[in-house]
Amino acid sequence: MLGAVFFDRDPRTVAKDLVGKVLRRRIRSSWLSVQIVEVEAYSIREKGSHASLGRTPSREALFMPAGTIYMYYSRGADSLNVSCRGAGNAVLFKAGRPFTDALSPPESLDRMHELNPGSRGERPLERLCSGQTLICRALELRVVDWNRRTFDPQTFFVEDVGYRPSRLIQARRLGIPKGRDEHLLYRFIDFDRVRSATSNPMTKRGFKEGVDFRILSLRRPSANARRDHFWAKDS
DNA sequence: CCAAAGATGCGCT
DNA sequence: GCGCATCTTTGGG
């Protein structure tokens, strides 16, 4: 299980490292699993974040220690975040892909389809968790149960299963109104699994490489050199 | 009251 | 495959 130490870092670093990790959720006796495909980072220092709107009871989790679950309800559905280093900083889980292994056998997929049925027939497996609220539906995660709580190895946690993406797409975040730091490239998508992401920045009309998105290769040259290069243009 | 880190269907290019 | 209207439910002004 990834603990507080994992989340006690810059939310952009946490977001990048979360791509490929697996959400584990126990419903009664069966474990449901979703591998993370897309994540967004939010900082209190920019206007896209909920934290920048002020500290209120419903946003309190954002200001609690790194690793605290922040859930909110908007437009008829729940969304999942985790607080990171720096009061008000967090990552938002945007999309994932159903995952099976010894802990979550193929039958677990049936349970997820039940929890998140399509309005017209069963969803394609590849699109079952391709949205922030779809993840929450498929894993039965709700604000009343999980907001302000921490991960728990008995019922809900994040696991490193050893998967390492070869490339990430770094892009603008979704749903950020104009003037709210919408240009920041704080969204990260597994290049090889973009079909399970909310949308594909590379094929979006009007999106230009180097402005609206960029490709990060995660081959193994100096991690520090990479990081400096990637973030050199941030304010 | 109404905007909100959204999702869906339907119509189009 | 994309854009836009429409549906959604709650917290906060």
* Could you tell me whether the phosphate oxygens of C/dG12, OP1 or OP2, come under 4.0 Å of any side-chain nitrogen or oxygen in A/T56? => yes
* To do: Assess A/R9 against A/F6: is NZ or CZ under 6.0 Å from the centre of the six-membered ring, and within 45 degrees of the ring's axis?
  => yes
* Structure fact -> Between CZ of A/R59 and P of C/dG11 the distance, given in whole Å, is 12 Å
* Asked: Just how far, in rounded Å, is P of C/dT9 from CE of A/M71?
  -> 16 Å
* Asked: At under 4.0 Å between heavy atoms, what does A/S49 touch on the DNA or RNA strands: base, sugar-phosphate, or nothing?
  -> base
* What nucleic acid atoms does A/L92 come within less than 4.0 Å of, heavy atoms only: base, sugar-phosphate, or nothing? -> base
* Position toward the 5' end of DNA chain B (nearest nucleotide), A/S130 or A/P177 -> A/P177
* A/R24-A/S33 side chain donor-acceptor pair, cut-off 3.5 Å -> yes
* To do: Check every strand shown and say whether A/Y70 touches a base, only sugar-phosphate, or nothing at a heavy-atom separation below 4.0 Å.
  => base
* Would you say B/dT8 has OP1 or OP2 under 4.0 Å from some side-chain N or O of A/R75? -> no
* Asked: If you count the non-hydrogen atoms of other residues, nucleotides and ligands that lie under 6.0 Å from CZ in A/R142, is the total more than 12?
  -> no
* Asked: How many Å lie between CG on A/N116 and C1' on B/dT8, as a whole number?
  -> 12 Å
* Asked: Does A/T133 put a side-chain nitrogen or oxygen below 4.0 Å from OP1 or OP2 of B/dA7?
  -> yes
* Take atom CD1 of A/I176 and atom P of B/dA4, then tell me their distance rounded to the nearest Å. => 11 Å
* To do: Would you tell me if any nitrogen or oxygen in the side chain of A/S79 comes within less than 4.0 Å of OP1 or OP2 on B/dG6?
  => no
* May I ask you to say what A/R180 touches in the nucleic acid, namely base, sugar-phosphate or nothing, with a heavy-atom cut-off under 4.0 Å? => nothing
* To do: Identify whether any heavy atom of A/R205 sits under 4.0 Å from a base atom; if not, whether one sits that close to sugar-phosphate; answer base, sugar-phosphate or nothing.
  => sugar-phosphate
* Cation-pi check, A/R173 to A/F188: give yes when NZ or CZ is under 6.0 Å from the six-membered ring centre and within 45° of the ring axis, no otherwise. => no
* To do: Return the nearest nucleotide to the side chain of A/L134; candidates are B/dG9, B/dT8, B/dG6.
  => B/dT8
* Value in whole Å for how far the C1' atom of C/dT9 lies from CG of A/D78 -> 10 Å
* Asked: Within the structure shown, what part of the strands sits under 4.0 Å from A/G175 by heavy-atom distance: base, sugar-phosphate, or nothing?
  -> sugar-phosphate
* Name the residue closer to the 5' end of DNA chain B, choosing between A/S119 and A/A51 according to the nucleotide with the nearest heavy atom. => A/A51
* A/K204 side chain N/O closer than 4.0 Å to the phosphate oxygens (OP1, OP2) of C/dG1? -> no
* Asked: Could you give the CG-to-P distance, from A/L53 to C/dG13, as a whole number of Å?
  -> 10 Å
* Reckon A/S58 touches a base, only the sugar-phosphate, or nothing at all at heavy-atom distances under 4.0 Å? -> sugar-phosphate
* Opposite nucleotide pairing with B/dT8, Watson-Crick or G-U, both atom distances under 3.5 Å -> C/dA5
* Structure fact -> Rounded to whole Å, OH of A/Y42 lies from P of B/dA4 at a distance of 13 Å
* Asked: Taking CZ from A/R123 and P from B/dG9, how many angstroms apart are they, rounded to a whole number?
  -> 8 Å
* Asked: Is it true that A/L141 and A/L2 fall in one hydrophobic cluster, defined by side-chain heavy atoms closer than 4.5 Å?
  -> yes
* Asked: When the aromatic ring centroids of A/W146 and A/F151 are compared, is their separation below 6.0 Å?
  -> no
